[in-house]
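Encoded as structure tokens, the structure appears first; notes follow it.
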Amino acid sequence: MSAIRKSTSAKAAIITGPCSVNLKFNSSSVMLYRNHYVKSKDGKGGMTTQQYVCSFPNRLTEIPTDFHQQLQQATAGQPQRYQELIRAIETRVLEPARKVQEQKNRLADLEQMRAWLNFGQQQVHEAASCAQCYTYASDPKIQQSARLILQDVQHVLVLAREAEREQQPEQTAPDATQADARLRQLLYSINRACAEIQAMLPVERNQFPRGYEFDERTVREVQQMWFNTSDTIAALNQRQQFKRSSGWTDLRPTVMALAGEKSVSL
């Protein structure tokens with residue numbers, strides 16, 4: 001069914017003078033009318049009449065071709081009036097309709113993405129919880145599929161974090177005292193972790209027997225620590241107070257005594 005409604009009325013009348021054109025807007029449509037002066041048959045006076053031309057629903061995001069042609073014909077020789085009516089349609093009908101449509105599209109996309117992820121999560125859960133998972137998990141094709149799934153999930157999470165950062169309002173510079181307290185808290189956690197690691201590793205502690213083969217994930221964490229430790233010291237050295245002074249190793253007894261720890265080293 002066409003979205004355009006046209007006038008079907010045609011009454012015999014004597015039309016004099018140029019026509020004017022106007023629009024009417026209601027809750028469901030925009031309508032085009034042509035106005036003209038109709039002279040009575042006896043020539044003794046007349047009246048201004050309004051003729052309905054056509055309309056289209058205000059849910060549309062573009063002016064239908066037929067309506068536009070009717071508008072051009074009705075405003076022929078009146079370019080300024082044509083532009084006024086086009087601006088009115090854009091402002092009062094098309095722009096709101098586009099916003100509504102964009103919102104509908106966003107919601108549809110969101111629901112589609114949720115459906116994809118929910119279905120994928122269910123499938124992965126079924127695979128991970130099945131009785132044969134332990135037996136077949138080492139299959140190369142299964143491992144490859146699992147890695148690809150993990151890469152896609154990580155990609156989604158990265159995009160989510162970026163979107164969250166963009167949506168956050170601009171913040172003023174943080175209070176230096178608060179940042180100092182946060183840095184102190186992080187350093188405290190690192191130092192406690194270092195002390196615990198040092199206490200775990202000696203053979204005589206009997207936590208790891210001599211020749212013990214550590215999990216590959218543990219090895220990777222240690223390798224990351226090589227670089228994280230070096231990069232952290234380099235970052236701290238950007239501040240004069242944190243730089244290691246000459247002969248800094250001689251400070252160990254004093255520093256560790258103040259910290260209340262026997263052996264913490266970065």
Side-chain angles (χ1 to χ4, degrees), residues 59 61-62 97-171 174 178-179 182-203 205-238 264-266:
R59 66 177 182 275
T61 58
E62 299 295 339
R98 288 167 187 157
K99 290 179 180 179
V100 170
Q101 188 60 49
E102 287 173 1
Q103 180 64 15
K104 289 181 178 179
N105 292 342
R106 284 195 295 269
L107 291 175
D109 291 343
L110 175 61
E111 290 303 319
Q112 180 64 77
M113 188 169 183
R114 285 173 174 170
W116 285 333
L117 290 176
N118 286 338
F119 178 76
Q121 189 274 330
Q122 292 171 6
Q123 300 304 302
V124 172
H125 177 73
E126 290 292 332
S129 59
C130 75
Q132 295 81 15
C133 181
Y134 180 81
T135 302
Y136 300 125
S138 59
D139 177 78
K141 290 185 178 180
I142 290 179
Q143 290 187 3
Q144 176 65 12
S145 296
R147 282 192 290 268
L148 292 175
I149 291 170
L150 181 59
Q151 288 176 8
D152 287 338
V153 171
Q154 289 174 335
H155 176 66
V156 171
L157 294 176
V158 167
L159 293 179
R161 286 194 292 269
E162 291 177 355
E164 287 176 356
R165 284 196 295 269
E166 290 178 358
Q167 293 171 3
Q168 289 177 351
E170 293 186 5
Q171 298 179 350
Q178 294 180 355
R182 176 59 179 159
L183 176 60
R184 186 165 60 251
Q185 182 183 36
L186 292 171
L187 291 169
Y188 179 86
S189 298
I190 291 171
N191 286 326
R192 299 292 79 73
C194 288
E196 187 173 349
I197 291 170
Q198 292 169 36
M200 292 175 66
L201 290 173
V203 175
R205 295 295 176 90
N206 296 322
Q207 294 205 40
F208 304 108
R210 193 178 302 278
Y212 173 78
E213 289 290 332
F214 289 93
D215 188 289
E216 182 61 28
R217 291 169 295 183
T218 307
V219 175
R220 286 198 297 269
E221 292 295 331
V222 172
Q223 291 171 341
Q224 289 182 33
M225 192 178 71
W226 299 343
F227 301 102
N228 285 333
T229 301
S230 177
D231 293 344
T232 301
I233 292 298
L236 291 169
N237 281 339
Q238 295 177 22
V264 176
S265 175
L266 284 178

From CZ (Arg192) to CD1 (Ile197), nearest 0.5 Å: 12.5 Å
So with a 6.0 Å cut-off around CD of Glu196, is the heavy-atom count from everything else above 12? no
Considering all heavy atoms of both residues, which atom of Gln101 and which atom of Thr61 are nearest to each other, and what is their separation? CB-CG2, 4.1 Å
Answer whether the closest heavy-atom distance between the side chains of Met225 and Glu221 falls below 4.5 Å. no
If every non-hydrogen atom of Ala97 is compared with every non-hydrogen atom of Arg59, which pair is closest and at what distance? CB-O, 3.7 Å
Classify the angle between the aromatic ring planes of Phe208 and Tyr212 as parallel (below 30°), tilted (30 to 60°) or perpendicular (above 60°). tilted
Inspect the surroundings of CD in Glu216 and state if more than 12 heavy atoms from other residues, nucleotides or ligands are less than 6.0 Å away. yes
Dump the intermediate steps for salt bridge (Lys or Arg N to Asp or Glu O under 4.0 Å) on Glu164 and Arg161, then the final yes or no. CA-CA 5 Å; Glu164 287 176 356; Arg161 286 194 292 269; over 6 Å; no
Nearest 0.5 Å, please: how far is CD1 in Ile233 from CD in Gln238? 12.0 Å
To the nearest 0.5 Å, what is the distance between CG on Asn118 and CD on Glu111? 9.5 Å
With distance as the sole criterion, is a donor-acceptor pair present between the side chains of Gln143 and Asp139 under 3.5 Å? no
How far does CG of Leu186 sit from CG of Asn191, to the nearest 0.5 angstrom? 11.0 Å
Euclidean distance, Asp109 CG relative to Lys104 NZ, rounded to 0.5 Å: 14.0 Å
Spacing of Asn105 atom CG and Leu110 atom CG [to the nearest 0.5 Å]: 12.5 Å
Mark yes when over 12 heavy atoms from residues, nucleotides or ligands other than Arg217 sit less than 6.0 Å from its CZ; otherwise mark no. no
Would you please test Met113 and Val156 for side chain to side chain contact (heavy atoms under 4.5 Å, CB included) and show each step? CA-CA 11 Å; Met113 188 169 183; Val156 171; 4.1 Å; yes
Would you say Ser189's side chain and Gln185's backbone share a donor-acceptor pair under 3.5 angstrom? yes
For Phe214, I'd like to know if atom CZ has over 12 heavy atoms of other residues, nucleotides or ligands within 6.0 Å. yes
Partner of Trp226 under side chain to side chain contact (heavy atoms under 4.5 Å, CB included), picked from Asn228, Val222, Thr229, is Val222
Side chains of Arg147 and Gln144: donor-acceptor distance under 3.5 Å anywhere? yes
Do any N or O atoms from the side chain of Ser145 and from the backbone of Lys141 form a donor-acceptor pair under 3.5 angstrom? yes
